[in-house]
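Take a look at the structure below.
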Amino acid sequence: MLKKTATTIVHVPQDVLGLIFNPWFYAAVAVYGGSTLLWIMILRKVSLGLAYPMFALGFIIVPVLDYLFFKEQLRSTTIIGGLIIIVGVAVATRGG
């Protein structure tokens with residue numbers, strides 16, 4: 001949503017003031033704030049050593065959502081890197 005907001009800014013600083021009327025901006029701030037609150041709640045229940053590797057999954061989720069919503073190319077290097085991240089998260093969070 002921040003990217004969608006950014007695409008509406010053509011002229012700085014005039015368009016930056018237009019953020020006041022941009023619903024994408026408010027949606028992005030709400031999601032960002034909500035994710036921060038969710039992260040705090042997760043950290044109250046789960047150790048940082050377990051929770052933080054899960055944070056790395058964002059490096060997979062964001063490019064996939066970028067592909068789905070903005071039709072940007074999903075490169076093979078991104079897919080390979082994502083698979084490596086998944087393996088790393090699985091190893092890092094493995095119980096035992």
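Position 1 is the first residue of the sequence; numbering continues from there.
One finds the CD1 atom of I79 at 9.0 Å from the OH atom of Y67 (value rounded to the nearest 0.5 Å). Atom-to-atom distance recorded for L50:CG and I42:CD1 is 10.0 Å, nearest 0.5 angstrom. Residue L57 holds its CG atom at 8.0 Å from CD1 of I85, rounded to the nearest 0.5 Å.
Through direct or indirect side-chain contacts shorter than 4.5 Å among Ile, Leu, Val, Met, Phe, Trp and Tyr, L37 is connected to no other residue. Within the hydrophobic cluster formed by Ile, Leu, Val, Met, Phe, Trp and Tyr side chains joined at under 4.5 Å, directly or through other members, L48 is accompanied by W39, L43, Y52, F55.
For S76, there are no side-chain contact (heavy atoms from CB on, under 4.5 Å) partners, not counting sequence neighbours. For D66, the side-chain contact (heavy atoms from CB on, under 4.5 Å) partners are K3, F70, E72, not counting sequence neighbours. For the side-chain contact (heavy atoms from CB on, under 4.5 Å) test, residues two or more places apart in sequence or in another chain that qualify with L2 are A28. Among residues two or more places apart in sequence or in another chain, the side-chain contact (heavy atoms from CB on, under 4.5 Å) test is passed with V62 by none.
In this structure, Y32 is not a member of the same hydrophobic cluster as L65, with clusters built from ILVMFWY side-chain heavy atoms closer than 4.5 Å. Note on F59 and M54: same hydrophobic cluster, where clusters join Ile, Leu, Val, Met, Phe, Trp and Tyr whose side-chain heavy atoms are under 4.5 Å apart, directly or indirectly. Hydrophobic cluster membership is shared by I61 and V64, with clusters built from Ile, Leu, Val, Met, Phe, Trp and Tyr side chains linked at under 4.5 angstrom. The same ILVMFWY cluster, assembled from side-chain heavy atoms under 4.5 Å apart, contains both L38 and V46.
Sorted by first and then second residue, the side chain to side chain donor-acceptor pair (under 3.5 Å) pairs with a member in residues 20-31 read T8-N22; sequence neighbours excluded.
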